[in-house]
Amino acid sequence: QVHLVESGGGSVQAGGSLRLSCVVSGYTARWYTMAWFRQTPEKGREGVAAISAGGGATSYANSWKDRFTISRDDTEKMLYLQMNSLKPEDTAMYYCAAAPSTWYEKPLSESVYNYWGQGTQVTVSS
């Protein structure tokens, strides 16, 4: 069983930065693929970035690959999303997710993830 708790969201002006954190509990979580998703009323849930077990591989959606960085610290049992040059369209609820394999062919596919956090809201004003 894996339990995920996000934090770090908030309100920021366009051009600013935020770092989202996700506390990951569960002994086997270090062998899991981890990811960040976002959800808006307009677009539903979208995959933002994913990272393999061990951190050797990452995948980013095109909309965020130049501005966001995903990382993990399995010793501290943490997942991070560094968000730079934020834009108003980045406003969304952001979720941490875990999937029970070291990597996937489509790591930004929502369907592979079994475990989800409760979300943290990011609001970017112009």
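Predicted model, so just to flag it, every value in this text is computed and none were measured.
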In this structure, CG of D66 is separated from CG of N84 (nearest 0.5 Å) by 11.5 Å
What distance separates Q82 CD from R67 CZ, expressed to the nearest 0.5 Å? 12.0 Å
With heavy-atom distances below 4.5 Å as the criterion, would you say the side chains of T40 and T91 are in contact? no
Determine yes or no for a side-chain-to-main-chain donor-acceptor pair under 3.5 angstrom, with T33 supplying the side chain and A99 the backbone. no
Supply the atom-to-atom distance D90 CG to S63 OG, rounded to the nearest 0.5 angstrom. 9.0 Å
In residues 50-61, what donor-acceptor pairs under 3.5 Å come from side-chain atoms, sequence neighbours left out?
unit_1: S52; atom_1: OG; unit_2: G56; atom_2: N; d: 3.3
unit_1: S52; atom_1: OG; unit_2: A57; atom_2: N; d: 3.0
unit_1: S52; atom_1: OG; unit_2: A57; atom_2: O; d: 3.4
unit_1: Y60; atom_1: OH; unit_2: I70; atom_2: N; d: 2.8

Given 3.5 Å as the limit, does a donor-acceptor pair link the side chain of S109 with the main chain of K106, or not? no
Test your reading of the model: is there a side-chain donor-acceptor pair from D74 to the backbone of K77, 3.5 Å cut-off? no
Do you know the tightest heavy-atom contact between T120 and G9? OG1-N, 3.1 Å
Does R30 have any side-chain hydrogen bond (donor to acceptor under 3.5 Å, both in side chains) partners at least two apart in sequence or in another chain, and if so, which? none
Would you please name every residue forming a side-chain contact (heavy atoms from CB on, under 4.5 Å) with Q118, sequence neighbours left out? V5, E6
Does the side chain of L86 reach to within under 4.5 Å of the side chain of L18, using non-hydrogen atoms? yes
Is the shortest heavy-atom distance from the side chain of M83 to the side chain of Y94 under 4.5 Å? yes
How does the hydrophobic cluster around Y80 look, that is, which other residues are in it when side-chain heavy atoms under 4.5 Å mark a link? V23, M78
Looking only at heavy atoms, which two atoms of S17 and S85 are closest? And how far apart? OG-N, 4.3 Å
Mind checking the CD-OG spacing from Q13 to S126? Nearest 0.5 Å is all I need. 9.0 Å
In Å, rounded to the nearest 0.5 Å, how long is the span from CH2 of W36 to CD of E46? 15.5 Å
Grouping I, L, V, M, F, W and Y whenever their side-chain heavy atoms are under 4.5 Å apart, do W103 and V48 come out in a common cluster? no
Listing request: all disulfide (SG to SG under 2.5 Å) pairs with a residue in residues 22-121, at least two apart in sequence or in separate chains. C22-C96
Decide yes or no for V24 and R72: does some side-chain heavy atom of the first lie under 4.5 Å from some side-chain heavy atom of the second? no
State the CG-CZ distance between L81 and F68, to the nearest 0.5 angstrom. 6.0 Å
Given a cutoff of under 4.5 Å between side-chain heavy atoms of I, L, V, M, F, W and Y, with clusters grown through shared members, what are the other residues clustered with Y95? F37, M93, Y104, V112, Y113, W116
